[in-house]
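Have a look at the structure below before the remarks.
Below, chain A is the first sequence line, B the second, and so on; all start at residue 1. Because the structure is a prediction, the values reported are computed rather than measured.
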Amino acid sequence: MELIKLLGILIVIIGFALKKDSILIILSAAIVTALVGGLGIPGMLDTFGKSFVANRSMAIFILIMLVTGTLERNGLREAAASLIGKVKNASAGKVVAAYGVMRGIFAAFNVSFGGVAGFVRPIIMPMTVGAIESKGEKVNEEHLEEIKGMASGMENITWFFFQVLFVGGAGGLLVQSTLASLGYEVSLLDLAKVEIPVAIFALLVSIVYYVLKDNKLAKKYYTKK
Amino acid sequence: MSFFMDAEVALGTKLLEIIYIVIGLLTLYTGIKNGLDEENPSRAGTAIFWCSLGVVLAFGRWIPTMVNGILVIIMTIPAIMGKVKIGKVGAPTKEETESNFKKVGMKIFVPALAIGLFAIIFAMFTKLGALVGVGVGVLVAVILLMIYSSDNKPVTFLNDCERSVSTVGPLSMLPMLLASLGAIFTAAGVGDVVASLVGTIIPEGNVNAGIVVYGIGMMLFTMIMGNAFAAITVMTVGIGAPFVLAYGANPVVIGMIGLTAGYCGTLCTPMAANFNIVPVAMLDMKDRMGVIKNQVVPALILIVFQIIYMIVLK
């Protein structure tokens, strides 16, 4: 009958897979696990309260937000646009690569420029189109579709793998607290350090892959030398 | 006050507690401002959510754990009912940000990078810890922004903070709630049950086999759930701890790389709609899977790399 303790895990997997409300899933899984695991409701409230207070460090993002909004107000996005705008005479793939380098570096400091809606669409896409047109070509629709995919891919990959380098980010804090509940104490700095080679490798892989892919597409769609 | 006077408590712990009080007060401000905001379509629910969270964040140390638990449950109710909403949005206009950029220019990067920089400096060279560094970095950034422009008054920061916190909304509490769920899993002995099940697949004591199952499992679980944070709490308790960490593998490597192994799953799943499907709409792409198709190859290379990296460094 030990298997019944897995009910909570099942709720989490099925709940997320069915796109139910995330907080509802977590709460249901917590209540069910507490009941079948013999903690009872008082035990659950106690564990929840203790764990929530112990994990207040994960709310550090609220303090950081004391400046993120005002940074935006004072022209952070415009400054980033002007920085990436210095990339000239590049192919569309190289524009995406340059954006990856910039986004990676800033992600390591937990700085974002507004995501796909705020930066890729208004800044990066026109740059890639400009890069193609500057060579005297008319932009091919299928090529443009792939560039959009690559720019979003670069946006995601660099954010995922570089934001973990920020000491005090949510990922490291969650790993730290998960390990602590299992009896292993680790420092946030060590958690960030161990990701450095992975982050650099991730950036290199995506740059090489996207630049090669874009070169191949450019050859396919544009005949002119 | 006795806590702050106690000479036994390390300075870093005291400073961190002050940071939590500030965070809690910012959260309370978000709750009260929305509660009084007539443009907010759900004033009561929004206020209940942020205010109960704010109380736990600011004063949780001095509140009995059971009461904290009840406050957390009260917090989740309006969130589950979809009653936590955004009120009046005082977002800056394009004209405002552009004219500010002309005034401030590239110097804006200094406060932007200050927070991360102070976090590293404090983690490496002081005993106060990275999070106190984040706090100092925020303070420095605020001061710099106030020097750059006299338009940046204290209330500007408060309202911009409220706007950002309201925008991320209740889902920003996911990591904290998942960590608490993980604690309940551990307390109820869920990990032991998973371990006894998986033990029939992984030969006992074969750490490398454990790492392979753990890495691929993180990726697949994340693809199913669409959320690496949810996957890591389940996988670390069930597989990471009993089959890898129990045999002396380095928890820093296994825990952290396990999470980014999960990110390879995030890159490959439409379940992670924010990252993979929303951009398709925003960029007017024709293929719904257009973003994912461009991420599969890097994700596969990265998962192989990370599994080897865990085996080598364990």
Side-chain angles (χ1 to χ4, degrees), chain A residues 2 5 16-17 23-24 26-27 30 33 37 45-53 55-56 58-59 62-63 65-67 69-71 73-76 78-79 109 111 116-117 148-150 152-153 156 160 166-168 170-171 174-175 177-179 181-182 184 186 188-191 194 205-206, chain B residues 20 23 26 57 60 65-66 68-69 72 76 79-80 92 97 100-101 104 106 108 112-113 116 119 123 130-131 134 138 141 157 160-161 163-164 175-177 179-184 186-188 190 193 224-225 236 241 251-252 255-256 259 263 275 279 282-283 285 290-291 294-295 298 301:
Chain A
E2 284 283 283
K5 282 189 185 172
F16 273 98
I23 295 178
L24 177 64
I26 295 169
L27 200 62
T33 305
L45 289 174
D46 210 55
T47 314
F48 239 73
K50 206 179 291 167
S51 159
F52 215 81
V53 171
N55 286 311
R56 282 178 298 166
M58 290 179 196
I62 295 175
L63 187 68
M65 281 176 170
L66 196 54
V67 282
T70 309
L71 283 170
R73 187 180 290 281
N74 284 268
L76 179 63
E78 283 76 7
F109 291 87
V111 176
V116 171
K148 288 172 180 174
M150 290 191 278
S152 304
N156 285 337
F160 291 179
F166 174 64
V167 187
L174 180 61
V175 168
S177 92
T178 307
L179 289 172
S181 72
L182 295 162
Y184 301 97
V186 296
L188 292 176
L189 186 64
D190 288 339
L191 291 178
V194 79
V205 165
S206 20
Chain B
Y20 292 148
I23 294 174
L26 288 170
L57 291 175
T65 53
M66 184 80 97
N68 279 322
V72 173
T76 61
I80 291 169
T97 59
N100 280 336
F101 172 58
V104 179
M106 301 304 249
I108 192 73
L113 298 178
L131 295 176
V134 170
V138 167
F157 293 96
D160 280 341
C161 177
R163 174 167 59 89
S164 309
M176 285 175 85
L177 289 167
S180 303
L181 179 62
I184 289 189
T186 310
V190 172
V193 184
I224 296 170
M225 297 198 262
T236 306
V252 171
M256 198 62 210
L259 180 71
Y263 287 175
F275 298 109
M282 282 177 183
L283 295 173
M285 292 172 70
V291 171
N294 274 295
Q295 293 176 159
I301 296 173

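Of the listed residues (Ser51(A), Gly153(A), Ala117(A), Ser206(A)), the greatest number of heavy-atom pairs within a distance under 4.5 Å of chain B belongs to Ser51(A). Among the candidates Leu181(B), Val104(B), Ile224(B), the residue making the largest number of heavy-atom pairs closer than 4.5 Å to chain A is Leu181(B). Here Thr65(B) is the residue among Val291(B), Thr65(B), Leu26(B) with the most heavy-atom pairs under 4.5 Å with chain A. With chain B as partner, the option from Asp190(A), Leu27(A), Leu174(A) having the largest number of non-hydrogen pairs under 4.5 angstrom is Leu174(A). When each of Ala179(B), Ala79(B), Gly116(B) is scored by its heavy-atom pairs under 4.5 Å with chain A, the top score falls to Ala179(B). Among Ile80(B), Leu131(B), Ile301(B), the residue with the largest count of heavy-atom pairs under 4.5 Å with chain A is Ile80(B). Contact count versus chain A (heavy atoms, under 4.5 Å) is highest, among Gly182(B), Ala130(B), Ala119(B), Pro298(B), for Pro298(B). If you tally non-hydrogen atom pairs under 4.5 Å between each of Leu188(A), Leu76(A), Leu63(A) and chain B, the highest count goes to Leu63(A). Taking chain B as the reference chain and counting heavy-atom pairs below 4.5 Å, the highest number among Phe166(A), Tyr184(A), Phe16(A), Phe160(A) is found for Phe160(A). Between chain B and the residues Gly171(A), Ser177(A), Ala170(A), Gly37(A), the largest count of heavy-atom pairs under 4.5 Å involves Gly171(A). Ranked by non-hydrogen atom pairs under 4.5 Å with chain A, the options Pro92(B), Pro175(B), Ala123(B) are led by Pro92(B).
Proximity to chain A (any heavy atom under 4.5 Å) is shown, for Val138(B), by both the backbone and the side chain. Both the backbone and the side chain of Ser152(A) come within contact range of chain B, with heavy atoms under 4.5 Å apart. Using a 4.5 Å cut-off between heavy atoms, Val72(B) contacts chain A through its side chain alone, with no backbone atom that close. The part of Val205(A) that comes within reach of chain B is its side chain, from C-beta onward, which places non-hydrogen atoms under 4.5 angstrom from that chain. Both the backbone and the side chain of Leu66(A) have a heavy atom closer than 4.5 Å to some heavy atom of chain B. Heavy atoms closer than 4.5 Å to chain A are found in the side chain of Leu259(B), but not in its backbone. The part of Tyr20(B) that comes within reach of chain A is its side chain, from C-beta onward, which places non-hydrogen atoms under 4.5 angstrom from that chain. Contacts of Val194(A) with chain B are made by both backbone and side-chain atoms, with heavy-atom separations under 4.5 Å. For Leu179(A), the part lying under 4.5 angstrom from a heavy atom of chain B is the side chain only. For chain B, the nearby part of Thr178(A) is the side chain; its heavy atoms alone come within less than 4.5 Å. Of the two parts of Thr236(B), the backbone and the side chain both hold a non-hydrogen atom closer than 4.5 Å to a non-hydrogen atom of chain A.
Of all non-hydrogen atoms in Val111(A) and Ala112(B), the two that sit nearest each other are CG2-O, 3.2 Å. Nearest heavy atoms, Asn68(B) versus Gly60(B): ND2-O, 3.0 Å. Thr186(B) and Ser181(A) get closest at one heavy-atom pair: CG2-O, 3.6 Å. Considering every non-hydrogen atom in both Arg73(A) and Arg163(B), the closest pair reads NH2-NH2, 4.3 Å. In this structure, Ile108(B) and Gly75(A) approach most closely via the heavy-atom pair CG2-O, 4.3 Å. Listed here is the closest heavy atom pair of Met150(A) and Asn294(B): CG-OD1, 3.4 Å.
Residues Lys50(A) and Thr47(A) fail the side-chain proximity criterion, which asks for heavy atoms closer than 4.5 Å. The shortest distance between side-chain heavy atoms of Phe52(A) and Leu177(B) falls below 4.5 Å. Taking the side chain as every heavy atom from C-beta outward, Leu57(B) and Ile62(A) approach each other to under 4.5 Å.
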Item to check | Candidate pair Phe101(B) and Met106(B), rule side chain to side chain contact (heavy atoms under 4.5 Å, CB included), full reasoning | outcome: CA-CA 8 Å; Phe101(B) 172 58; Met106(B) 301 304 249; 4.1 Å; yes
Item to check | Stepwise side chain to side chain contact (heavy atoms under 4.5 Å, CB included) test for Val186(A) and Leu191(A) | outcome: CA-CA 7 Å; Val186(A) 296; Leu191(A) 291 178; 3.9 Å; yes
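Listed by chain and residue number, Glu2(A), Leu3(A), Lys5(A), Leu6(A) satisfy the side chain to side chain contact (heavy atoms under 4.5 Å, CB included) test with Val193(B) (two or more places apart in sequence, or in another chain). A search for ring pair (Phe, Tyr, Trp, His ring centres under 6.0 Å) contacts involving Phe48(A) returns nothing, not counting sequence neighbours.
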